[in-house]
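Taking it in order: structure first as structure tokens, then the write-up.
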Amino acid sequence: MTDLPKAYTPADHEPRVRERWDDSRAFHADPGRVLSGEARPYTVLIPPPNVTAALHLGHALNNTLQDVLVRAHRMKGYETLWMPGTDHAGIATQTVVDKRLREAGEPGIAEYKRREAEGEPAREEFVAKVQAWKDEYKARITDQLKAMGCSCDWSRQRFTMDEICARAVREAFFRLFKDGLIYRGKRLVNWDPVTQTALADDEVESRDVDGHFYFLRYPLVHEAAPGDHNPVTWEELAARGYPGAEEHPGDDEAWITIATTRPETYLGDTAVAVNPKDPRATAVRGMKVQLPLVGRVIPIVEDDYVVMPVKYGGDENDPTALMATGFLKVTPAHYQNDWEIGNRHDLERINIMAPDASISDQHGWEDVGYAHIFVGLSRKDARKKVVEEFQARTLNDAHPLLEDIKPHRHAVGHSYRSHVPVEPYLSDQWYCKVTDDRLRGYAQRALKTEQRTSQTHAADTRIEGDSDVTFYPPRYAKTYETWHDDLRDWCISRQLWWGHRIPVWSLRQLERESHFDPPHGAELKSTMRPLVDRLLELERGGRISAIRHFDSIGVPLVSVRPEEMVNFDWQELSVCVLNEWDSEAIEFVESMGFTQDPDVLDTWFSSALWALSTLGWPNADLPRFHPKQIDQGDDSTVNAVYAKRVGTWKDFIGVDGEKSGELIDTLLVLRDLHKKTGGEPVLAYQLFSEADLEANGQAAMPLLAPDDIQQATDLVCAVAVKTTEPVKVVKRSVETVHDIPAFLLSHGFQDTAGLLAAFNPTSVLCTAREIITLWVSRMVMFNRYFLEHDGKPGQHPFHDVFIHAMIQDGEGRKMSKSLGNGVDPLDIIDSHGTDSMRFTLVQMTTNTQDVRMPVERDETTGKNTSPKFDLGRNFCNKLWNAARFALSMLEGTTAGTPVPRGDLTLPDKWLLTRIARTEALLTDALTKYTFKEFADACYDLLWRDFCDWYLEAIKPTVKASAAQQATLRAGLDAILRLLHPMIPFVTETIAEKLGEVASPGVEGLTLTPARRGCLASAGWPECDASLLDEVAEARLERIRSLAAEINTTRAKHQVKPKRKITVHLSASLVEDLGTDADYVRTLAGVETITADAPAGDAVAFVFEGAECKASDLADAVDAEQEKAALGTELAKLEKQLKTLDGRLSNPGYVEKAPEKMVNETKQQRAETAERIDAIRARLGELG
RNA sequence: GACCGAUUGGCGCAGUUGGCUAGCGCGUCUGCAUGACACGCAGAAGGUCACAGGUUCGAGUCCUGUAUCGGUCACCA
């Protein structure tokens, strides 16, 4: 076996190993084995990476940890499903594609939007561009995951916008809509003026910004006819008791001062508010203010919300009171708080901005007046200009309208995508009522009771799914819990093109802006009756849901009495159509003048369904087929089985030219393709009767007789797909390439039968903390809501949530493109190999919130790397060489019956003990998600135990010892299995070689052969309790510490490693050691161990408190050097003795500490004293 | 502002119910081509566990406070 190269070169093995895994289908999960009780399920859903970019090191960490869990459980005999997939990442992807297009000099989204507005079909064109991007990145991400060794069930890969996910989205939306948990509302939303879409609350990140407080003066006026100017004078104010008014000339126009950070919004002010307790409030009661330039006269309202300045009774500890003037400008259409004040006082809402946040008089603002000079300016320019204008204008020819500017640092919400300040913007959006008990309450109750801190929504342990979701580490449960406490309804509509389009039709174009002029609904009324009847009929058939929304209140059309129909507001009616392919319903609704909402859903809506859609919901009850049912001949080549309910034969074959017609055509061509080309068959299909399937399950037979097929009304079509490659078909000299799975999916076939029943709830969700709220919570809500039964919450989507650390660079900064401190996993795979990367990542994973990785730039390649990966490389290389050595020692071994324990030598027994202990440690680490412990235990077993001690100890004897050879073979095999989850490639490679070595094995260590021919499918080592041998551990420990003492002595005296020395021990010790002395000789380079006194020069060392000697160190021994060394050690020991004496003389310790503890201390004290004596004796000898 | 973390040799980190004579890897120093491995072997040096109090026979570990650094949420008068 010396044909193996000296160093492990990953690139020579990884591609071959990957192919081996693919070919063996070792990662394919079979729900049948779970449903039949053959195996317990272990399920992990990949957090779907965004198709925006290639994977980074954070993904490498995330997926490595999942793979460790998944591979270990697969080996432990679980039927293991790791579901892969990618996320369409709506806003992120659309933004990235737009940017790339513009960088390439092509038109961006703005141009497409303009064309679309002009009636051109530009939307589809743009979406196609994004699709192309998605295809490219989806492929790249998949390749990267495969390169990382991820053992996903690749035949089941999902994408959040594929047909199966789309079906889940439609079903989910429809049900929430029908149940009143989705509504349309006009409110202030977080508006991103760059991408021009609404954002959810948690897509807004606040950042501190250096801004200013601007103090603006608004003139006070009396109510007057429009255009008249009737100022209030200071004299009047003084007469009404306005404090300080008398300081101004009595005839002068009076004003009030407001403070704001956003002066440009004054254009939309519709009131000024004052606290009723403010001493000035009564004085100005009934007066108005007039907005400069705009000329709008607005009321002064009294509201408790307004903070009074300290001067007028405000709290001096309140920072706001220190800055406030006591008068607050109220701009209901541009501030959340003002919106609420506006609601309380029934104020007008004037939107002064266009969707790009420039000042506009086209979106609801009419009384522009002299303020037209601001129209068209950006927010920033408008602010500047407002300040300039206020500075330039004066009251009474003396006082500038701008009273003051003070610097002010404050937090401003920014879009998490475009990073510009978010504009609170008035618009019509769709909301999901997550505050409803069926969503929020269900999510709170799912959390493990032990991890809860409050009792709201307390779990009911009798309900399945309550109190079961557990966070690791537990502190993250708090993040989850408190987020729900402060939850507001979730804005789910986005003004984007890339995403799941909202399946709602209505009469009005969705209104973005503040003003809405209803079209004339009255004309519809007389002709409405039959249409309404048809709508109600469709609704009763469960195909649509029609609801009239008034903010969060929804009134279903079915509940509207006929006499109320006359005044029914059709403009507010929304019709949700369940099925995308229900063209009849859609055509009918559109014939009434309804149009589909142009918006798409928040990307997290489909992410929230990930645990449902990937497992086949809502069609989770599709029958399962055995490949043999479809293809009686050869089922071994079947990759996946797809099925679809097709109804009748007529429905199935359809009409030529329609989608279903294309289906049967293509199926026939593909089925018979191999007959023409002479290749392997690519698919087989059969039709079944669902009644037969229900009655007989996998014993049901396909329908073959044409009569049977034509009479059946419950046909199910099942397709067995035999290839994963795209298939080329030449038909009438036209070449078409079919991606069979994609083709089947687009025709409504699914390969998900049995998944939900077998694999939900999943075992663990492994993710980073940033998406606990965005994703984790929403998945819990949706799973429990949609799997509701008997009015009780349904099962949750996962038992455990493991939140792993985030990787930062050496300075604690986030890795990012802009900082240039990112490390590309593919670069590391290139330079160090996949396993090295994986080992290092696992080893780094502690339960802290961040882990640091020093980043270095490799000047030759210009790529970033980290010296930390050397650790992993060294480890893999160590394994490689240990295996190389072991294999060379195993040449010529043959199989036989397992070696009984009695035949094993001491190192054998000890190694097996170490394997058993490590196995237990690893299993424990997996259940606790303590990955560093996992890696460290592997490291110690391989390096410290197997290489440093076992291999060294057996070197002289193994070739002649059948027991040692058997243990070596079995031990290495067990180690490969234990390390495989973390470093799969190198272990698989070595296992290939080790598989060629026949050996009898050892009793008590069970190594189940591979189910699918590769180590990845082999059994986890099973260690019988008999392997734990404490006597062997103690004996080896003694050998080890004696050898260590001797080695230290040798090093102190600079004895050449090759020189064999003589060790002199007490007669009793020599006798006690017996044959174990041989191991000491091997491990410490000793020629002879004897009870005789040294003849010539010798040095002393202490072992077990006794003075021992070593001779033949060199031709002469340096006594002074030895004296110095002994002196240092003596000082150390004396200090230690003092500590121990102090402890033992402490009455509290002796009385209160556990007896075992005290005895141990006494023992320690005795040993220390003995050592001291021995050293003193030797020092005496030396003089 | 509220909450959640972190602070342990030069660097990166362990240290799970207090029992520690504080571990590991990298780096440093010494010696070494020894029957797999120099991506290695045998040794060594290097830490008053951020600081101040407290609880305890005993504190890196528990409590209180302070400082510094991260993170999350709130706050745009």
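Worth knowing before you read on, the calculation uses all heavy atoms, side chains too, and leaves out hydrogens, waters and symmetry mates. As the structure is a prediction and not an experimental result, all values here were calculated from the model. Per chain, numbering begins at 1; letters A, B, ... match sequence-line order.
Taking atom C1' on both nucleotides, B:rA33 is separated from B:rC24 by 28 Å, rounded to a whole Å. For the P atoms, the distance from B:rG9 to B:rG60 is 14 Å, rounded to whole Å. Separation of the C1' atoms belonging to B:rC73 and B:rC11 is 34 Å when rounded to the nearest angstrom. Spacing between B:rG58 and B:rA42 at atom C1', rounded to whole Å, works out to 37 Å. Comparing B:rU7 with B:rA14, their C1' atoms are spaced 15 Å from each other, to the whole Å. As rounded to the nearest Å, B:rU68 and B:rG25 have P atoms that lie 35 Å from one another. Going from the P atom of B:rG15 to that of B:rA50 covers 14 Å, rounded to whole Å. The same atom, C1', is picked in B:rG47 and in B:rU28; the two are 16 Å apart, to the nearest Å.
Closest to the A:Ala411 side chain, of the nucleotides B:rU34, B:rG19, B:rC75, is B:rC75. For A:Asn874, the listed nucleotide lying nearest its side chain is B:rC39; candidates were B:rG12, B:rC76, B:rC39. Of the candidate nucleotides B:rG5, B:rA77, B:rC37, B:rG5 has the atom lying nearest to any side-chain atom of A:Arg475. Of the candidates B:rC76, B:rA45, B:rU21, B:rU21 carries the atom nearest the A:Gln1164 side chain, counting heavy atoms from C-beta on. Comparing B:rG43, B:rU16, B:rA42 by their nearest atom to the side chain of A:Ala1051 picks out B:rG43. Residue A:Arg884 places its side chain closer to B:rA36 than to any other of B:rA36, B:rG12, B:rA14. Each of B:rG43, B:rC41, B:rC75 was ranked by its minimum atom distance to the side chain of A:Ala1044; first place goes to B:rG43. If you check B:rA77, B:rC41, B:rC3 against the side chain of A:Ala324, the one that comes closest is B:rA77.
Of the possible polar contacts, one joining the A:Gln964 side chain to the A:Val958 backbone as a donor-acceptor pair under 3.5 Å is found.
Counting atom types as modelled, A:Glu933 pairs a side-chain N or O with a base atom of B:rU16 as donor and acceptor under 3.5 Å. Remark: the A:Ser206 side chain and the B:rC75 base include a donor-acceptor N/O pair separated by less than 3.5 Å. For A:Lys878 against B:rC37, a side-chain-to-base donor-acceptor contact under 3.5 Å is present. Put simply, the side chain of A:Gln849 and the base of B:rG70 share a donor and an acceptor less than 3.5 Å apart. In terms of polar N and O atoms assigned as donor or acceptor, the side chain of A:Gln1054 never comes within less than 3.5 Å of the base of B:rA42 in a complementary pairing.
With a cut-off of 3.5 Å on both Watson-Crick or G-U wobble distances, the partner of B:rC29 is given as B:rG43. In this entry B:rG70 has B:rC4 as its Watson-Crick or G-U wobble partner, both defining distances falling under 3.5 Å. With a cut-off of 3.5 Å on both pairing distances, B:rA36 has no Watson-Crick or G-U wobble partner at all. Base pairing of B:rA59 is not made with any nucleotide, judged by Watson-Crick or G-U wobble geometry with both donor-acceptor distances under 3.5 Å. Across all strands shown, B:rG23 pairs with B:rC13; the Watson-Crick or G-U wobble distances both stay below 3.5 Å. For B:rU64, the paired nucleotide is B:rA52, the pair qualifying as Watson-Crick or G-U wobble because both relevant distances are below 3.5 Å. Across all strands shown, B:rG18 has no partner, as no Watson-Crick or G-U wobble contact with both distances under 3.5 Å is found.
A:Cys876 comes within 4.0 angstrom of nothing in the nucleic acid, heavy atoms only. Here A:Lys932 lies in heavy-atom contact (under 4.0 Å) with sugar-phosphate atoms only. At the heavy-atom level, A:Tyr335 lies under 4.0 Å from the strands shown only through sugar-phosphate atoms. Looking at heavy-atom distances under 4.0 Å, A:Arg944 makes contact with sugar-phosphate atoms alone, never a base. The residue A:Tyr305 sits close to a base: some heavy atom pair falls under 4.0 Å. At a threshold of 4.0 angstrom between heavy atoms, the contacts of A:Leu871 are confined to the sugar-phosphate backbone, with no base atom among them. Counting non-hydrogen atoms under 4.0 angstrom, A:Arg1143 reaches the backbone sugars and phosphates but no base. Across all strands shown, A:Val422 has heavy atoms under 4.0 Å from base atoms, whether or not it also approaches the sugar-phosphate. Across all strands shown, A:Thr479 has no heavy atoms under 4.0 Å from either base or sugar-phosphate atoms. At the heavy-atom level, A:Tyr939 lies under 4.0 Å from the strands shown only through sugar-phosphate atoms. At the heavy-atom level, A:Ala882 lies under 4.0 Å from base atoms of the strands shown. In this structure, A:Lys329 reaches neither bases nor backbone, as no heavy-atom distance under 4.0 Å exists between it and the strands shown. As judged by a 4.0 angstrom heavy-atom cut-off over every strand, A:Lys1052 is placed among residues making no nucleic acid contact. Among the atoms of the strands shown, base atoms are found under 4.0 Å from some heavy atom of A:Glu952.
For the side-chain contact (heavy atoms from CB on, under 4.5 Å) with A:Met806, the lone residue among A:Thr848, A:Asp850, A:Val851, A:Leu61 that qualifies is A:Asp850.
Ring geometry for A:His484 versus A:Tyr480: interplanar angle over 60°, hence perpendicular rather than tilted (30 to 60°). Between A:Phe839 and A:Phe875, the ring planes are parallel. Angles under 30° get that label, and only those over 60° would be called perpendicular. Aromatic ring orientation, A:His13 versus A:Tyr8: parallel (interplanar angle below 30°, classes split at 30° and 60°). Using bins of under 30°, 30° to 60° and over 60° for the plane-to-plane angle, the ring pair A:Phe931/A:Phe802 lands in the tilted bin.
For the pair A:Arg852 and B:rC69, the criterion of a side-chain N or O lying under 4.0 Å from OP1 or OP2 is not met. The side chain of A:Thr846 places an N or O atom within less than 4.0 Å of a non-bridging phosphate oxygen (OP1 or OP2) of B:rA14. For A:Thr1139, no side-chain nitrogen or oxygen approaches OP1 or OP2 of B:rG58 to under 4.0 Å. Regarding contacts with the backbone of B:rG40, every side-chain N or O of A:Asn877 stays at 4.0 angstrom or more from both OP1 and OP2. Close to B:rC41, at under 4.0 Å from its OP1 or OP2, lies a side-chain N or O of A:Trp943.
Going from atom NZ of A:Lys478 over to atom C1' of B:rG71 covers 14 Å, rounded to whole Å.
For the atom pair CG (A:Leu841) and CD1 (A:Ile828), the distance works out to 9.0 Å, reported to the nearest 0.5 Å.
Other residues, nucleotides and ligands place no more than 12 heavy atoms under 6.0 Å from the CD atom of A:Glu1155.
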